[in-house]
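Just the heavy atoms: all of them, side chains too, but no hydrogens, waters or symmetry mates, feed the values below. Each chain gets a letter, A, B and so on, in the order its sequence line appears, and its residues count up from 1.
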Protein chains: 2
Amino acid sequence: MTTTEQMRHDLITTLEDRGFRLTKPRRDVATAIETQADAFTAEDLCESLPAVGRATVYRTIKLLVDTGALCKLAMPDGAPKYSLARVGHHHHTVCVRCGKVSDFRDTTVERMLRSLAKEIDGQIVGHRMEVYVDCSDCVP
Amino acid sequence: MTTTEQMRHDLITTLEDRGFRLTKPRRDVATAIETQADAFTAEDLCESLPAVGRATVYRTIKLLVDTGALCKLAMPDGAPKYSLARVGHHHHTVCVRCGKVSDFRDTTVERMLRSLAKEIDGQIVGHRMEVYVDCSDCVP
DNA sequence: CAGTATTATGATACGGATTATCAGTAACAA
DNA sequence: TTGTTACTGATAATCCGTATCATAATACTG
């Protein structure tokens, strides 16, 4: 099984495992996500799936984000994009020109959060971090 | 001069220094921002400034963000809020219940970014980090 | 299988937030 | 003051995402 097939498998079985029905539109969305090289917008998917209704595309994306199979990330202006969650908790670098996403894990962030937790008022319930880059394809 | 007066002074002089005209609507927006205890939305400002057009409120916010006098930050769902940039580069904790924002600076983040810069493909051009909390007022 | 309950779909309408348009107005320099 | 230019604000338009709801597809049950 190739990596790509594995990814689609993961998306579909993620839905299956949660008790959602395996419908053709959902399979189509999973396949379309599989073909996205990098971070994509919901609108990207809608355009590549004219046969699937916008509402269904958005609903399926939300399902996959809620189950953790997709990451929702924010461009510098706040516009959302999505990318496959290949590993557990991680962060992203996003090329602001082409949208290429790379994952990174850095225990420094988690250490920093633990140390921050002692200093601040209240309980940390989540965080968000994105690193924006010009990738070497865009700015050689 | 009080701290509050200083903040308004900073907002207005920031615009003045950039060569923008000092109009009454802009002064009104600056004053309204001054009176915001915590992070606020564009809509908050519009409501507190019924005499100023929505477009002008949004335009002035954008000017102040572009000049660095305001920080644009994102709630967990991506909705934008704004807060005064009291110090140079910093990050925020945001209470997800009441919206209260606190600033923090942590050299760990900057160290992490420098180390990350050596590992990744491309040039880092920016980053985003928000820490979401339940503050002690909301969850005692 | 066939029947049935339930879930999902998709066309559309709707909503909120931000931006574009553009004629009228105000700021500021000369 | 006057003229140029930037700014304003009412409104329309846009964009993204969600609610509605009748219809269709799915999975379950006997």
Undergrad: Expressed as a whole number of angstroms, how long is the span from A:Ile61:CD1 to C:dT9:P?
TA: 13 Å
Undergrad: Atom CZ of B:Arg27 to atom C1' of C:dA27: distance rounded to whole Å?
TA: 11 Å
Undergrad: Atom CG of B:Leu45 to atom P of C:dT18: distance rounded to whole Å?
TA: 11 Å
Undergrad: Angle between the two end axes of the helix from C:dG16-D:dC15 to C:dA30-D:dT1, five base pairs per end, rounded to 10 degrees?
TA: 30°
Undergrad: What is the distance, rounded to the nearest whole Å, between atom CZ of B:Arg26 and atom P of C:dA27?
TA: 11 Å
Undergrad: Could you tell me which residues satisfy salt bridge (charged side-chain N to carboxylate O under 4.0 Å, His left out) with B:Lys24, sequence neighbours excluded, listed by chain and number?
TA: B:Asp28
Undergrad: Who passes salt bridge (charged side-chain N to carboxylate O under 4.0 Å, His left out) against B:Asp38, sequence neighbours left out?
TA: none
Undergrad: How large an angle, rounded to 10°, do the end axes of the helix from C:dC1-D:dG30 to C:dC14-D:dG17 enclose when each is built from five base pairs?
TA: 20°
Undergrad: Taking the six-membered ring where the residue is Trp, are the ring centres of B:His127 and A:His91 under 6.0 Å apart?
TA: no
Undergrad: Scan for salt bridge (Lys or Arg N to Asp or Glu O under 4.0 Å) pairs involving residues 109-127 of chain B, sequence neighbours excluded, and state none if there are none.
TA: A:Lys100-B:Asp121
Undergrad: Taking CD1 from A:Ile12 and P from C:dA8, how many angstroms apart are they, rounded to a whole number?
TA: 15 Å
Undergrad: Go through the structure and list residues passing salt bridge (charged side-chain N to carboxylate O under 4.0 Å, His left out) with B:Lys81, not counting sequence neighbours.
TA: none
Undergrad: In whole angstrom, give the distance that lies between atom CG of B:Leu64 and atom P of D:dC7.
TA: 13 Å
Undergrad: With rounding to the nearest 0.5 Å, note down the distance linking CD in A:Glu34 to CG in A:Leu11.
TA: 8.5 Å
Undergrad: For a quick test of reading the model, state the closest non-hydrogen atom pair linking A:Pro80 to A:Thr41 and the distance between them.
TA: O-CG2, 4.0 Å
Undergrad: Under the side chain to side chain contact (heavy atoms under 4.5 Å, CB included) test, which residues partner A:Arg128, sequence neighbours left out?
TA: A:Ala74, A:Glu130, B:Ala74, B:Arg128, B:Glu130, B:Tyr132
Undergrad: Please tell me whether A:Val133 and B:Met129 are part of a single hydrophobic cluster in this structure, the criterion being side-chain heavy atoms less than 4.5 Å apart.
TA: yes
Undergrad: Which residues satisfy the side chain to side chain donor-acceptor pair (under 3.5 Å) test with B:Thr108, sequence neighbours excluded?
TA: B:Asp106
Undergrad: What string of B, S and - do you get for nucleotides 24-30 of chain D, 5' to 3', if B is base contact, S is sugar-phosphate-only contact and - is no contact with any protein heavy atom under 4.0 Å?
TA: -BBS---
Undergrad: I'd like to check the salt bridge (charged side-chain N to carboxylate O under 4.0 Å, His left out) partners of A:Asp134; sequence neighbours left out, ordered by chain and number.
TA: A:Arg97
Undergrad: Nearest whole Å is fine: how far is C:dA26 C1' from B:Asp28 CG?
TA: 14 Å
Undergrad: Table please: side-chain donor-acceptor pairs of residues 62-69 of chain B below 3.5 Å, with sequence neighbours left out.
TA:
unit_1	atom_1	unit_2	atom_2	d
B:Thr67	OG1	B:Leu63	O	3.2
B:Thr67	OG1	B:Leu64	O	3.0

Undergrad: Encode nucleotides 14-21 of chain D as B, S and - characters from 5' to 3', where the letter depends on protein heavy atoms closer than 4.0 Å: B to the base, S only to sugar-phosphate, - to neither.
TA: --SBBBB-
Undergrad: How long is the straight-line distance from OG1 of A:Thr56 back to CZ of A:Arg26, given to the nearest 0.5 Å?
TA: 8.5 Å
Undergrad: Just how far, in rounded Å, is C1' of C:dA8 from CZ of A:Arg18?
TA: 18 Å
